[in-house]
Enquirer: 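This is the structure I have questions about; it appears just below.
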Amino acid sequence: MLTSRAWWLLLIDLAALVVAISLGLGAMTLACLAVLAWFLGAWLQFHWRLRWTAKSLYVERSLLRQGTSVDVLWAQSTATVIVRLCNKSRVSLPYVVIVDRVPALARLQEGTPWQEGELRYDAPLEIAYQIACPTPGRLRCDGLKVQIADLHGFFLANRFIRDVRFYRVLPPRIDEPDHLPTIKRHNLLPLLGTHRHLRPGSGSELLDLRDYLPGDPPKMIAWKASARRDRLMTKEFESEVPVRCTLFVDVSSSVRVGPPGGNALTRVIAIASAVVHANAEQRDLTGLCLVDELAVQTFLRPQRGRRHVYRLIQRLADAAELAPVTELAPLGRLVPLAYGLAQDIYPELLEPDVNAFPWWLPFWSPQPIYAIPRVHRMPRSWLGRVWLGFRRWLRESPLGIHRGRFFRFAPGRHRMYRLRKKIAAILAVRYRLGPAGLAWLLEDDVACSDYVQEFLAEHQVAAPLSLYDEQGRYRFGSPAKIDRLGKALLGSVLRGKENELYVLLVDLLEAGPHLEPLLKAVRVARARHHQVQVICPWPPGVPLPGQASRSAEAPPRALQEFLARASAARLQQAYHQVQEAFAQLGVGVIAAPEDQAVSLILSRLHKLRGWQRSIR
Amino acid sequence: MNDAPRPAVQVGPIHYQILAAAGLTLILLAQLDQILGALLVVCVGLFGLVGKMRAAPLFVLIAFAASKIGNAWARYGSFNQDTFRPLLDPNDLLAAIGLVAYIAAHFRLQSLSIHILPVDPRQRQEQPLAKGRWGHGRFVPVQQKRDRRLLTAHEIARFVLALPFWALIGQALWLIIVRPWTPSVLPDRVHRLITLAWLLIVGTLIAGTIFAQWRRRQMDRAAAQGYLQDTLWRETRREQRRIFRWLTWRRLHERTRQTATSSPHVGSER
């Protein structure tokens, strides 16, 4: 493309040339022709270089941790990213700027993710910078943005050299005081069933003495106790049974709301990861079940072993990057965001010959109002109803006056129509919607919203979503997940053996009052003498139930403070309701704030294993 | 910076400034018989060079044209006759070389000192406030300049060696343009304008078509699919629009009916 600098020079030179020829000025004509020849020569040279090297550019990327190339990182660690743009062709590009998009879940710590210079066959351009990964998930690296220009600043070409790579960031390994030390003092693995489970079995610790029953093996007779009591007594030993722990992790949209890495899902994943590691230290079996409002996404049976632990951690890391999805998000905010993303990552799909938009189309055929989803609440006041009736009459009368009539003259609508068409074209290609996909996305707001959200979520861009719909209902409550969770728990209980521990990491505060499917499953689990623990992620900054904030007594000074207090009160009330519902079944519910979550939960789990009953 | 070995001869923007000044000198030397006009061009050029004016090359071009026009008017009193020039006038060639040298050098200087890429309004940086002022600085667009360390002696040498080449190309074009038409229907100047227009249009059409075809052959699968999809949409958008609008209406109508059934206070406005 020509820059404004080039256009001005061309315009002035051509004008001078025309004047020179018209006035018969030979010297001036020669000078203007020389300038024109130089400009056209630069244009030809630039495009020739661009075309010749178009297929020769490629990206080499590596992630280094302590000097070693890695494919997997741990959260809260740092790494060095080295990216190189190489040119296989002997034709060089005189000026290239390369920019690397820092992955969404990473934070730039040192260095700059861009570089400039001449790109030659023997001299690739290299970027090196350091990132920190505070939260688990997956780092997505799409490639390199390349801007090619000539040395005068006349011509510019935007390219994106695609090289999609994923790097898992696993949840961190957390050592807590209540936890077993991770430094091995002796070269021994902990024995199976090192927690006390007070049931008779075939262990080595004496549990109890009972009367001799015919059929008991003679070696089990406690002779000294029998002599003292003058009747035969049999020894009973403790059962060394490992705990089978299954984690039910809520990955529905209700926990995904918030920026990637800063939402409830990240906290839940961190807690689940800590529990997995703690169980692995105890050599207990751990399973995983990821549940959202649609289905059970993942189910891994409780198993033991390093490979199984890594499999669990990887599934948790993959779940950490999920983005919330809602049925109808405001397109006015999503489409410009998606367009900005497409300009960086898909510039070749926005070229005028690949993705054109006739400027007159919004005048000729704007989106009709009957194709725009709108739901209005019937006004309660008589005045509101009269006004609604009047508007309906205006619309249905021969005048046909409604706000859709003015769409064709609104510049904002034109711009949105243009952006939407370009994005629809990219989405139709990207998701293989078929030849009519473009027209479909251009006319159907609901479908377009779905695909734009998927597009943004795929590239880890946080989409601005409205939390409440037109009727004032919270969009991300996900009540359907209760049913799914209940079924998954019931299925696990029916397949389970003895000594099972079920940890439910689920957001029940926004799910609504209907917890019956889940309570039913918990009831069955308790009836089979299994242990159940419920953990609700608690939003940061909100006072815990039972804790009053210092400023709670003073009247709120601003609307935001009033809303924060109302929201905190609502959450605390919901928590109490959940607590009451589960307390009837003898199941504890923990509200897990960020800073205390892991230690609190591990100590509770140790209690469940009977750890604190034993004195070692 | 990439891993290219550092050049033995260090060059900097000063070399482009020298080349620009040399260009002005050539213009002056080539037009000693039109000293006033030459001085005007040189003054405008020097002022633009020292003051780092972005439009200086354009002003120099305009000043050059003005000086030639003024000189022709002063000499002949009208523009009815062509100014006679031999086939290869060294003065004119020198002036052309000087003009190209100044314009090209100045634009390269602007790439080093102002910006080389067009300003992207999405990329902004905070401009710190002057000392003693309180508050937040405003966010201004980032201007991407070319790093001075990227300059090499090789680049300067190629720049200098190519300058006469453009003047000779211009001379060749001039020879084509002034070739008389047979039969001569219109005035010679009109013929020349038509020849120029024809050369430019046909030349850019041919070059543009070649590059466009080359680009299409290098398209990847997604871009090719987008191209075909866009072509189909352009051809059939009226029918597709009609069909999908009705389908959307029907879907929304059913959805509204379901919502109205579930909540009595909700109505739809259609």
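Side chains are part of it too, since the values below use all heavy atoms of this structure and drop only hydrogens, waters and symmetry mates. Lettering of chains follows the sequences in order, A, B, ..., and the numbering in each one begins at 1.
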Enquirer: So, does D230(B) use its side chain to make a donor-acceptor pair with the main chain of A356(A) at under 3.5 Å?
Expert: yes
Enquirer: Heavy-atom pairs under 4.5 Å with chain A: which of R234(B), Q110(B), R245(B), R217(B) has the most?
Expert: R245(B)
Enquirer: F107(B) pairs by ring pair (Phe, Tyr, Trp, His ring centres under 6.0 Å) with which of W8(A), F155(A), F39(A), F154(A)?
Expert: F154(A)
Enquirer: Are W166(B) and V35(A) close enough, and set up right, to give a side-chain contact (heavy atoms from CB on, under 4.5 Å), and what steps lead you there?
Expert: CA-CA 7 Å; W166(B) 305 121; V35(A) 172; over 6 Å; no
Enquirer: V429(A): which residues meet the side chain to side chain contact (heavy atoms under 4.5 Å, CB included) condition with it, sequence neighbours left out?
Expert: A222(B), Q225(B), Q229(B)
Enquirer: Check each atom of I12(A) against the heavy atoms of chain B and say whether the ones under 4.5 Å are side chain, backbone, both or neither.
Expert: both
Enquirer: Can you tell me how far CG of N71(B) sits from CE of M28(A), rounded to the nearest 0.5 angstrom?
Expert: 12.0 Å
Enquirer: For Y431(A), does the OH atom sit with more than 12 other heavy atoms under 6.0 Å from it, leaving out its own atoms?
Expert: yes
Enquirer: Donor-acceptor check, side chain of R189(B) to backbone of S22(A), threshold 3.5 angstrom: yes or no?
Expert: yes
Enquirer: With a 4.0 Å cut-off, would you call D220(B) and K55(A) a salt bridge?
Expert: no
Enquirer: Chain A heavy atoms under 4.5 Å from I177(B): which part of the residue, side chain, backbone, both or neither?
Expert: side chain
Enquirer: Could you state the interatomic distance from CG (L40(A)) to CG (L173(B)), rounded to the nearest 0.5 Å?
Expert: 8.5 Å
Enquirer: Which region of R250(B), side chain (C-beta onward) or backbone (N, CA, C, O), has a non-hydrogen atom less than 4.5 Å from a non-hydrogen atom of chain A, or is it both or neither?
Expert: neither
Enquirer: Between T3(A) (side chain only) and P118(B) (backbone N and O only), is there a donor and an acceptor less than 3.5 Å apart?
Expert: no
Enquirer: Does the side chain of L442(A) reach to within under 4.5 Å of the side chain of F244(B), using non-hydrogen atoms?
Expert: no
Enquirer: Do the ring planes of H47(A) and F211(B) sit parallel (below 30°), tilted (30 to 60°) or perpendicular (above 60°)?
Expert: tilted
Enquirer: Which pairs, with at least one residue in residues 12-21 of chain A and sequence neighbours excluded, count as a side chain to side chain donor-acceptor pair (under 3.5 Å)?
Expert: none
Enquirer: Distance check, rounded to the nearest 0.5 Å: E116(A) atom CD versus R149(B) atom CZ?
Expert: 8.0 Å
Enquirer: Only pairs of heavy atoms separated by less than 4.5 Å count here; which of A105(B), A104(B), A96(B) has the most with chain A?
Expert: A104(B)
Enquirer: Kindly compute the distance separating CG (L247(B)) from CD (E443(A)), expressed to the nearest 0.5 Å.
Expert: 10.5 Å
Enquirer: In terms of heavy-atom proximity below 4.5 Å to chain A, should L61(B) be classed as side chain, backbone, both, or neither?
Expert: side chain
Enquirer: What part of A65(B) lies closer than 4.5 angstrom to a heavy atom of chain A: side chain, backbone, both or neither?
Expert: both
Enquirer: Taking side chain as everything from C-beta outward and backbone as N, CA, C, O, which of these in L200(B) sits under 4.5 Å from a heavy atom of chain A? Side chain, backbone, both or neither.
Expert: side chain
Enquirer: Tell me, out of W214(B), W246(B), Y227(B), who's got the most heavy-atom pairs with chain A below 4.5 Å.
Expert: W214(B)
Enquirer: Less than 4.5 Å to any heavy atom of chain A: does that hold for the side chain of R237(B), its backbone, both, or neither?
Expert: side chain
Enquirer: Without swapping roles, check the side chain of Q218(B) against the backbone of R51(A) for a donor-acceptor pair under 3.5 Å.
Expert: yes
Enquirer: I'd like to know if R122(B) pairs up with D344(A) as an ion pair, taking the criterion as any Lys NZ or Arg NE/NH1/NH2 lying under 4.0 Å from an Asp or Glu carboxylate oxygen.
Expert: yes
Enquirer: Quick check on H106(B) against chain A: is it the side chain, the backbone, both or neither that has a heavy atom closer than 4.5 Å?
Expert: neither
Enquirer: Please look at W233(B) and chain A and tell me whether the side chain, the backbone, both or neither of the residue comes under 4.5 angstrom of a heavy atom of that chain.
Expert: side chain
Enquirer: Quick check on the interface: out of V190(B), L193(B), L232(B), who has the most heavy-atom pairs with chain A under 4.5 Å?
Expert: L193(B)
Enquirer: Using non-hydrogen atoms and a 4.5 Å limit, figure out which bit of W48(A) sits close to chain B: side chain, backbone, both or neither.
Expert: both
